[in-house]
Every structure is written in structure tokens, then in C-alpha cells.
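Here's the structure we're looking at; comments come further down.
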Number of protein chains: 2
Amino acid sequence: MPNNFPFQRLQADLAELIDKTPAGQRLLNEPELAKQLGVSRATLREAIRTFEVQGLIRRKQGSGTYVVGKIKALDSGLEVLESLETVAKRQGLKTTVSDLVVETIVADDETKSVLKVHANTKLTRVRRIIRAEGRPVAYLIDILPESVLHPDDLPANFNGSVLDFLLARGDSLVSSRADISAIDGTAEVSKQLEIQRGDVLLHFSSHLFDENNKVVDYSLSYFIPGYFHFHIVRRVGNG
Amino acid sequence: MPNNFPFQRLQADLAELIDKTPAGQRLLNEPELAKQLGVSRATLREAIRTFEVQGLIRRKQGSGTYVVGKIKALDSGLEVLESLETVAKRQGLKTTVSDLVVETIVADDETKSVLKVHANTKLTRVRRIIRAEGRPVAYLIDILPESVLHPDDLPANFNGSVLDFLLARGDSLVSSRADISAIDGTAEVSKQLEIQRGDVLLHFSSHLFDENNKVVDYSLSYFIPGYFHFHIVRRVGNG
DNA sequence: TAAACTCAATTTGTCAGACAACTAGACTAA
DNA sequence: TTAGTCTAGTTGTCTGACAAATTGAGTTTA
């Protein structure tokens, strides 16, 4: 497990603690909290600070650390790259994955230029449908070079999230660029989503980059409007 | 003075240092950097961690701290708040504004709750159509309290961008939250954009905040797909 | 020669303890 | 009642130390 370092587990623990603490309430004092979470106070403070700069908590010297209104946390926006499964979980949306297909294809003109691979390079394509209350709400396609993800790499209990798998495996992913558009459902997509051909869909086309700025995943997402809510916070200048 | 604590000044110093360090380059090691910045290593690490979770830097134990590629500045996507006019200019899209309407309305239920004003408060509504090669490509609506923007405030040569006007006037705007969706064109919007009712549109619903977190502008944007290209860069959050 | 191994220097990750600065409530005195 | 003082508790910062990981040079080996 890559979570050997206290910090990552600590962040998760703290996030949970903050999440289930009512707004306005004070957290335990730092020495005590550090003891309970099994880390030193210095490490705890590093983690606390990251939540403070996110605006989730407020600290007052001499007084304590307080949880602030956490509407923000419930629907964080598109700035942070995380899997749909993670988003759904946080939004309290009960989703299931169906029609998972993992297959090997060869690069065509489009994928060739996006992934910067030679023609006939073997690629792994992962497709699946996300359902809420049994109805399809999103159709997701990931395409990766076989060198990055081989079909056999995926465990038997694979939950459908390529991003989560790569992150859990310890791949050093850095950022993702998503182009946003609205489209009419094509025949194939409409069939998968069980909608009329031509119905409106929100569409993301994403490139996932590793630390060397290489594209490791080309991803296409189609959403039936109204189930997932996407937003972004835009800042004036660079802040 | 407000900067009693080292941390605030430290964050500013670090931000500047990271900003002017070429991508991929290693920062000074922590003990040395702490010495130069006049803080302890513990405090420095708290600050560094906040930049790490933002994805601006990457740390490797035993190796060093590296500045990660800052794609942001080069091809600013939706992260940066700027007017459509500014975006179009950079994308080399020649656009014109037509059907500019500035009018006074009174708050209805929707605008009342969004702008947090009392019923019957006077509001200024600015509507206009953006055209490329003569054809409508976007329909934009801004709604603001009259106290923020009175119709008489606008100059005769107003170019249609409320955001640009507020910024030029020196208003202390901080951020904007945009909800993204795909919709069928309603009767009114379709008529303005000269499309068939039911044609697919990309839709942004935005709240513009000032420094006191007050909503100063409620904005609705409708885009015919294919003319404007919107994208966002999503960073892998640490966790 | 080229590959594999060893090892030490460097750097980040974490820890323990200490003291300063500040807060808030209890207490006291006018 | 009111103003001031005091004190226990909490966050802010610092120092020094050691563990863990990386890196590159040097050495050995096939």
C-alpha cells in the first residue's frame, strides 16, 4: 500500500472528522487530537493547515479550531481531479456501474495523435455505464496505451474507475485537461444511455497527464443532464 | 500590523518563489530555504504543504521539491475569470455584439434568492447576443442589483461586457462560481439565437462574488456548440 | 566493456519537547 | 455593576533529532 506515510491517512481521517463535526463546533485541541490520530503535533498541524486554506475550518490562537459551514465541501467543483465515483459518493448519490467492458484495440488516427503513439499500438479501452436508481446517467470511456494499463492489470473486483485504480497503484499523475461541450447523443451513445437519439448530453473530453507531461489516458464522458452537477470556481487574476 | 505571524508573509514569499522558478526545477532544500525566509523548518513545511496539495509543486523524499509544470498561465481555461470578449479575442475569433438591451426589472423569486435582495428590489438586466461571421453564437444575460450597476452608469460606447466594465471601474471582484450544464434551447433563447427550439446548447449559470462573498452579478450564458472552446485544467489533489 | 552491486551524502518525512502569544472565563476590587 | 487582574487552556513557532528514500559515485563482477 502506498499509504505508508501518516500524512495521507491523516488527511482522510481529518476530512472525515471535519465532515461529521457540526458547523461552528470546536475540534479537540491539537495535542490530544494528535495523540488520538497517532501522529505528532507537527504532522497534524500540516494536515490541519491544508484544510484551513481550503476554508473548511478556522483557527483562533488561544481559543481553538472551529469547523465552518461546510456547504463548500459537499459539492467541490471541477478544479480537483477525482473520479466520478468519488464525486458521487460525496454527493450522496447512490450509483452502480454496469456494462463494464475492458478490451484491447489498436490505435486509430484520433487516439494515435492524442496519446502520441505509433499506428497499430495496442491500447486498452475501458467502457462502462454509471446508473443512479437503476437508470443510466453517464457513459464513460477511457483509452490508455497497453504499456500504461494492461487489461490483466485490473483486479477482479475492479470498480470501473480507471483514475482511482491508477492513483491507488501509485502512478504519478499530475493534471487533466477537460474540454467541455454540449452535444446531441450519437447512435451508439444514445443506445448505451437508453435515450432518444439526438437528446442533449453534456460531454467532457479529457487528457490525463503524468509528471512528464505525457498523456496517459484519453477519456470521453457523456452525461445526461440533471444528475451530476458540475461547477467551477473562477478566480480573478492568479490566486 | 496584520502580518504578525510569519505564516502569511511566508505564503506570499513562497508563492512568488514558486511562480518565478522554471517548471521542473528543484527548489532549495528545506533547511536552507527556511533560513533564507527567516522561519523554522516546521513552519516552512506547513506552507509548502499547502502548495503541494494545490498541485503546484511535487516533493520526493530523498530527492527534493520540484516546481510542476504550470500550464495554467499559458492556455488559461475556465479557471481564470475573464469576459467572453477577452476569450474570443485570444482565440482569434472575430465577434460582434448585437441586440444589446439594458433595462430595469424588479426581483422575482429566482433573482431574489440568488442575489439575496428583498422582493421588489430594482435590478439591472443586461442582455446581448454575440455573433461570429454574422451568425449568433452566444446569448448572455447579466442581472445585478441597481445599487451595483445602474443603467445610467454604462457609457455610450459600452461593449456589452459587464465583467469588463466592473473590473475597469475598480470593483473588488474575487471569484465566480459557474454551474455547467447542457440544455435544450427554450423558446425565448432559441429565438434569440436563431436556432430550432430544442437544439442543444451549452449553459453556464454563474454567480459573481465580491470580497465580502456577496453576489454582485447573476449571469446566464447560452452557447451554440462549436464556436467557443471551453476547457479546464484539473489538478490531482493529494489524497 | 558493461552491467550489477555497495555505500555514503543529500533531502524529505516524522517526531518530541519547549516556550511564546493569545483567548476566554473566573475572580477580585472599586 | 463595572472594570481590572489573573490563570488555565489553546494555537503559533522554534529547535534538534532521527528515520526513510533518492541519487550518484565508486567498486565489483560477468
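Just so we're on the same page: letters track the sequence lines, and every chain starts at 1.
OP1 or OP2 of D:dT13 sits under 4.0 Å from a side-chain N or O of A:Arg49. Contact between the side-chain N/O atoms of B:Thr43 and the OP1/OP2 oxygens of D:dC14 is found at a separation under 4.0 Å. A close approach under 4.0 Å does occur between a side-chain nitrogen or oxygen of B:Arg59 and OP1 or OP2 of C:dG13. Taking side-chain N and O atoms only, B:Lys60 has no distance below 4.0 Å to OP1 or OP2 of C:dG13.
Each of D:dG12, C:dT12, C:dA16 was ranked by its minimum atom distance to the side chain of B:Arg45; first place goes to C:dT12. With D:dG12, C:dT12, C:dT11 as the choices, the nucleotide that has an atom nearest any side-chain atom of A:Glu30 turns out to be D:dG12. Out of C:dT12, C:dC15, D:dC14, the shortest distance to the side chain of A:Ala42 is found at C:dC15. Minimum atom distance to the side chain of B:Ser63 is reached by D:dT23, of the listed D:dT23, D:dT11, C:dG13.
Atoms CZ (B:Arg41) and P (D:dG12) sit 20 Å apart, rounded to a whole Å. In this structure, B:Arg58 places its CZ atom 17 Å from C1' of C:dT11, rounding to the nearest Å. In this structure, B:Asn29 atom CG and D:dT23 atom C1' are separated by 15 Å, rounded to whole Å. Atom CD of A:Glu46 and atom P of D:dT11 are 17 Å apart (whole Å). Residue B:Gln61 contributes atom CD, which lies 12 Å from atom P of D:dT23 at whole-angstrom precision. Separating the CG atom of B:Leu28 from the P atom of C:dT10 is a distance of 14 Å, rounded to the nearest angstrom. The nearest whole Å value for the distance from the CG atom in B:Leu33 to the P atom in C:dT11 is 12 Å. Here the P atom of nucleotide D:dG12 and the CG atom of B:Leu44 are 17 Å apart, to the nearest Å.
Between A:Ser40 and B:Leu27, the residue anchored closer to the 5' end of DNA chain C is B:Leu27, taking for each the nucleotide with the nearest heavy atom.
For the pair B:Thr121 (side chain) and B:Ala107 (backbone), a donor-acceptor distance under 3.5 Å is absent. Side chain of A:Thr124 to backbone of A:Leu149: a donor-acceptor contact under 3.5 angstrom is found. Of the possible donor and acceptor atoms, one in the side chain of A:His203 sits under 3.5 Å from a partner among the backbone N and O of A:Ser221.
No option in A:Arg125, A:Arg128, A:Arg127 other than A:Arg128 meets the salt bridge (Lys or Arg N to Asp or Glu O under 4.0 Å) test with A:Asp142.
The pair A:Arg49-A:Glu46 does not count as a salt bridge, with every side-chain nitrogen at least 4.0 angstrom from each carboxylate oxygen.
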